[in-house]
Structures are given as C-alpha cells and as structure tokens.
Number of protein chains: 2
Amino acid sequence: MLTFVLMLSFTEENYLKSLFQLTVETALKEEAGTNELAAHLGVKPATVNDMLKKLKEKKLVKYEKYGKSSLTKEGRKIAIEVIRKHRLWETFLFEKLEFSWDEVHEVAEQLEHIQSKKLIDQLDKLLNYPVSDPHGDPIPNAKGELLILHQHTLAEELVGHQCKMTGVKDNSSPFLKYVDQLGLAITKTIKVLARHEYDDLIEIEVNGKRISVSPKLAENIFVVCTACKKKSKR
Amino acid sequence: MLTFVLMLSFTEENYLKSLFQLTVETALKEEAGTNELAAHLGVKPATVNDMLKKLKEKKLVKYEKYGKSSLTKEGRKIAIEVIRKHRLWETFLFEKLEFSWDEVHEVAEQLEHIQSKKLIDQLDKLLNYPVSDPHGDPIPNAKGELLILHQHTLAEELVGHQCKMTGVKDNSSPFLKYVDQLGLAITKTIKVLARHEYDDLIEIEVNGKRISVSPKLAENIFVVCTACKKKSKR
DNA sequence: TATATTTGTTAGACTTACCTAACAAATTAA
DNA sequence: TTAATTTGTTAGGTAAGTCTAACAAATATA
Ligand SMILES: [Mn+2]
Ligand SMILES: [Mn+2]
Ligand SMILES: [Mn+2]
Ligand SMILES: [Mn+2]
C-alpha cells in the first residue's frame, strides 16, 4: 500500500507549529482563534482565515466558520515533527557549533523546514538523543512522543519555596541575554524570598545572592518546585 | 557607511548558481543562453526571461535582449557563496552524518539557502576547512576564492596514460551508485589500456582489474593525468 | 541569399501567500 | 436586552514564480 507524502510549504508548516504551540503545548487549551494565530504568526487575521480553510481541506486542522481551530491527529503529528527538528537543530548549533542560547532560535527557524528523514535521525544520533534543547524545551523523540514537563513560571512560585530553573518561555535574544546577565540559567536553584506589594518586584536568591526581578521577567522563567509535587511523562 | 544586504529568494540564488555553473565553472564559456539556463534549472525559457530581467535590475547579471547572459561581479560573489554553502553541507553530511556520496546532493540543495554567516563559518571550522567536497569539487574559501582544478574527463585521457580520479561531473544518485559498483572512486589510479573503435568502449585498469566503460560514463569522470602537466591555483 | 530551424520574447493566466477595507457574527458591558 | 466591542469573514488586490501559446529575432542550411 502506497502512502502519499503530502508536501507542505514552509508557511503551512509554520501555521501547524503555531497552532500546536498555542494549544497542546500550553496544555490549558484545546483550540485557538483566528486573531490569536495571526498575532502569533505576525500576519493579518484575513490571511490566517484563508490558510485555515486550506489546511482544513488537507485534513490537518479542524475549523468551522466563526469557531476556534484545532489540529487533527495528522496535523498534530506534522507540528511535532517540525518542533522536533527545530529543537534538534538548536541543540546542534549550541553543542557543536559554539552558538549561544540566544543565537540558536533564529537559525533553527530556517533549518526546521529541511526535508530529510535521514538528516534528522543522524543529527539525533550525533547529539546522543538529547531530551531537551538549550532553552529547556523538551525534544519530541523519533516516534513523536513529547515529554510534558510539570513546570510553572517563577511568577507563580510561592514565597519561601525553593525551585530549580528548567526553561524559558520567551526565546528572543534580548530576553535571553538579560537572563544571562542576571546570573540565571537552566538548572540553577532559585529561592523566592519575598514579593513586594509596593512595586510587584520579586526578591529571589540565586548563586548565593539576593536579587529583585520584575513580574514580566518571572513570567518568562520556567521552574519546577522541589517543595511541591513533581511528575513527568512522555 | 551602511552596506545594504539585499536579501535574495531561494529561486534567485538558484538562478545565479546555475549561471555560474554554466559559465565560469566550466571555464570555457563566459555567457549562457536563456534556453540553456532553462534546461539546467528545469523551468521554461519564458520563466528564465522574466528572472533575467529582474536580476539585471538588481545588478546581478548582465543581460541584453536576444543576447547571452553573464554574472556581474556581485552576482558572481553570491553564486560562489551559495556553492560554498552547498559543498560544505555535502561534506558535513558525508563526514559527520554517515551519508553516502550519492545522498548528499539532494539535501545540500535545500541547506545551501540557509542564511547565517556564523553557521557557515562554524561548519567550516568543524570540518577543519576542507578544500573539496565528497564529489571532488573544490570548496570556495571564506574569502570567495575558488580552486580551479586542471582536470579533464576520463573520456579525453590518452591511451597508455595513467591518471588519478579527482571527481565526477554528474552528481545524480544513480550515476554515483554505478561508479561505486565499478570500483571507481576519488583518488583511485586509472590506466587507459585501449579504446575500441567497434563500440567506443574504453578499456581501463583500476584496482588491478581490467574493465570496459562507456564513453557516457567516461565523460562524467574527472581525472588528473600524471603523464601530462598538472597545476592548480586558487 | 532565401528559407528553415533554433533561440528568445511577449502577453496573458494561474497559484501561493500576503494585504486592506468593508462587513457580519459573537461576545461583553451598560 | 440593547449597544458597544471584539472577533472573524469576505471581496478584491498585489508580488513572486511558474506556465502556455503566439510571435520575433538570430542562426544555420540549402
Ligand atoms: Mn526556538
Ligand atoms: Mn528552544
Ligand atoms: Mn538550490
Ligand atoms: Mn558536490
């Protein structure tokens, strides 16, 4: 039995990836709206509307007029493949080509669309089957299984609790450079000392030093809390 | 002084590369025609015509109505950069990811269009600044200097002469697999024993064995002849 | 040199991915 | 429960890159 490989354009792949990131990956939601997708992709809602119809035609998204959209099983599979490629390339750039964690994303945005099963399998092998990328994001395995980390943001952590930094939400270079500057990094232990009502700053201890961080920053830092329960599964 | 980086599409890059390969790289010609380019790129002449006008506008090709086309200095520079990327990626796939020489070209066709100076510089470094790709083709260096090999095809080699295989003209997978099968490979020593008038086959000795090859095959094998003069320069 | 052939150009059309402007439906607030 | 706001859709348009069909120029051949 012949299986037809439907070739998708870069653009179509990006729409599926965005939809995945706005729904499944953030776990809290099942569907995303047209405007939301437009904002995430940096295009106009009218453009998204056209594409949703096309992707529905190809049976990759579920979409009804005036309703929210979600991925079909096949659409989700493709989205995960793109994310796997993106994160493997980021890891490659970081581990093998001396890129810093704030430089990898931009180039991986291009590399994630290269079509070659062997390329990705061999890259995975070369990197020794990594489970997370330089930003702490889980890398789907070759079967498309994705580890969902039971993490929350530093902004949500309770005063007095100690946690460990596991990743970042924002992948932009300026944000990541700022994180570096503050001495924050994945695997660092962070203790929440206080929350200041007056200006909303959060006082934390990291590297044996007390620093104050903004809620905006804290919302973009992922942690797992040793004081709370923690679990993970593929 | 600001230098503007004109961003080219994949397509535009491919036209420049083709024009380079049909002219400068084969050294014998300065210019190429519309139909010739169309055949090389696998599109129709009308399409090439439109693109030539656009690339002329961008000052990357010299083109006059009903005349042959050639690259400007800037166009040539870009073509060489694309070829450098193509051949570095082929070398990477071959050396680091266990690809065979008949598998690298197809994937390199995609990878050659990734934009990142750092990526290419680091790849070059990782591979230890290779001078030729898995097919024996010279890799332009970071300055855009390209080694022109003084090679000719096996078809042109004189009877009685001994030569060394330096590369292939055809990069297609079926051809390369056939070359493998015959026991031919880059650096192998080949002695031309005879040319048979009757059926045009060329009898050679390679790996201590006598084999007969077709002129079609011989035209796609590059050699340098130890019995003739040999020189090379950047 | 006249004619046939090859080579190159033009016009008009299609697809993809995007846009703006106008409008309609759904949701939220008064 | 009407009105305001937000969200989503439609129509029509653009640019890139491709095509076909008709035509024109250049070159080769008789
Ligand atoms: Mn990324
Ligand atoms: Mn990442
Ligand atoms: Mn290419
Ligand atoms: Mn090659």
Side-chain angles (χ1 to χ4, degrees), chain A residues 5-19 22-23 29-71 75 78-79 82 109-110 112-113 115, chain B residues 5-19 22-23 26 28-71 75 78-79 82 109-110 112-113 115:
Chain A
V5 184
L6 80 150
M7 248 307 243
L8 298 181
S9 65
F10 285 24
T11 309
E12 289 169 316
E13 288 193 344
N14 283 336
Y15 276 81
L16 296 177
K17 188 176 65 146
S18 269
L19 188 46
L22 289 174
T23 57
K29 284 202 302 178
E30 256 289 295
E31 311 170 304
T34 304
N35 286 10
E36 211 180 336
L37 268 164
H40 197 251
L41 286 157
V43 298
K44 298 296 173 202
T47 307
V48 172
N49 192 268
D50 286 348
M51 185 59 90
L52 286 173
K53 287 180 197 159
K54 182 163 44 134
L55 292 173
K56 180 189 179 168
E57 208 51 47
K58 295 190 177 187
K59 301 205 190 313
L60 299 172
V61 306
K62 287 170 231 162
Y63 162 76
E64 293 304 331
K65 210 168 156 179
Y66 292 108
K68 305 283 175 189
S69 304
S70 61
L71 290 168
I78 293 167
V82 176
E109 278 298 311
Q110 300 177 60
E112 72 188 5
H113 303 291
Q115 304 295 156
Chain B
V5 185
L6 81 149
M7 247 307 242
L8 298 181
S9 65
F10 284 25
T11 309
E12 290 170 313
E13 287 192 345
N14 283 336
Y15 277 81
L16 296 177
K17 188 176 65 146
S18 270
L19 188 46
L22 289 174
T23 58
T26 31
L28 305 167
K29 284 201 301 176
E30 256 289 295
E31 311 171 304
T34 304
N35 287 11
E36 209 180 337
L37 267 163
H40 197 251
L41 286 157
V43 298
K44 299 295 174 201
T47 307
V48 172
N49 192 268
D50 286 347
M51 185 58 89
L52 286 174
K53 287 180 198 159
K54 186 169 34 142
L55 292 174
K56 180 190 179 167
E57 206 52 46
K58 294 190 178 187
K59 302 205 190 311
L60 300 172
V61 307
K62 286 170 233 163
Y63 162 75
E64 293 305 331
K65 211 168 157 179
Y66 292 107
K68 306 282 176 192
S69 304
S70 61
L71 291 167
I78 293 166
V82 176
E109 275 301 310
Q110 300 177 60
E112 72 188 5
H113 303 291
Q115 302 298 156

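Side chains are part of it too, since the values below use all heavy atoms of this structure and drop only hydrogens, waters and symmetry mates. So you know, we letter chains A, B, ... as the sequences are listed, proteins then strands, and number each from 1.
In this structure, A/L8 and A/L60 have side chains that are in contact, with non-hydrogen atoms separated by less than 4.5 Å.
A search for side chain to side chain contact (heavy atoms under 4.5 Å, CB included) contacts involving B/T26 returns nothing, not counting sequence neighbours. Residues forming a side chain to side chain donor-acceptor pair (under 3.5 Å) with A/K29 (at least two apart in sequence, or on another chain): A/E36. Not counting sequence neighbours, A/E57 has no partner by the salt bridge (Lys or Arg N to Asp or Glu O under 4.0 Å) test. A search for side chain to side chain contact (heavy atoms under 4.5 Å, CB included) contacts involving B/Y66 returns nothing, not counting sequence neighbours. With sequence neighbours left out, the side chain to side chain contact (heavy atoms under 4.5 Å, CB included) criterion links B/Q115 to A/Q110, B/M7, B/E13, B/K85.
In this structure, the CD atom of A/E12 is 12 Å from the C1' atom of C/dT15, given to the nearest Å. B/K68 has its NZ atom 12 Å from the P atom of D/dA26, to the nearest Å. Counting to the nearest Å, the P atom of C/dA17 and the CG atom of A/N49 are 15 Å from each other. When rounded to the nearest whole Å, the span between CG of A/N14 and C1' of C/dT16 equals 14 Å. Atoms OH (A/Y63) and C1' (D/dT9) sit 7 Å apart, rounded to a whole Å. Taking atom CD of residue B/E36 and atom P of nucleotide C/dT7, one finds them 9 Å apart after rounding to whole Å. The nearest whole Å value for the distance from the CZ atom in B/F10 to the P atom in D/dA15 is 22 Å. As a whole-Å value, the separation of A/M7 CE from C/dT15 C1' is 16 Å.
A/K59 NZ: 12 or fewer foreign heavy atoms inside a 6.0 Å radius.
Scanning residues 52-60 of chain A for heavy-atom distances under 4.0 Å to DNA chain D yields A/K53.
In this structure, B/T34 reaches the C/dT9 phosphate: one of its side-chain N or O atoms is under 4.0 Å from OP1 or OP2. Distances shown here put a side-chain N or O of A/N35 below 4.0 Å from the OP1 or OP2 atom of D/dG8. Regarding contacts with the backbone of D/dA16, every side-chain N or O of B/T11 stays at 4.0 angstrom or more from both OP1 and OP2. Here B/Y66 does not reach the OP1 or OP2 of C/dT6: none of its side-chain N or O atoms lies under 4.0 Å away. Taking only side-chain nitrogens and oxygens, A/K65 never comes nearer than 4.0 Å to OP1 or OP2 of C/dA24.
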Under 3.5 Å, side-chain donor or acceptor atoms of residues 46-53 of chain A against the rest of the protein: list the pairs with distances, not counting sequence neighbours.
residue, atom, partner, partner atom, Å
A/N49, OD1, A/K53, NZ, 3.4
A/N49, ND2, A/Y63, OH, 3.4

For residues 38-45 of chain B, dump all side-chain donor-acceptor pairs below 3.5 Å to protein atoms at least two apart in sequence or in another chain.
residue, atom, partner, partner atom, Å
B/H40, ND1, B/S18, OG, 2.8

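Residue A/Y15 is classed as a sugar-phosphate contact, given heavy-atom separations below 4.0 Å to backbone atoms only.
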Give me, pair by pair, the N or O atoms of the protein and of nucleotides 19-21 of chain D that are less than 3.5 Å apart, along with how far apart they are.
residue, atom, partner, partner atom, Å
D/dC19, OP2, B/K44, N, 2.9
D/dC19, OP2, B/T47, OG1, 2.6

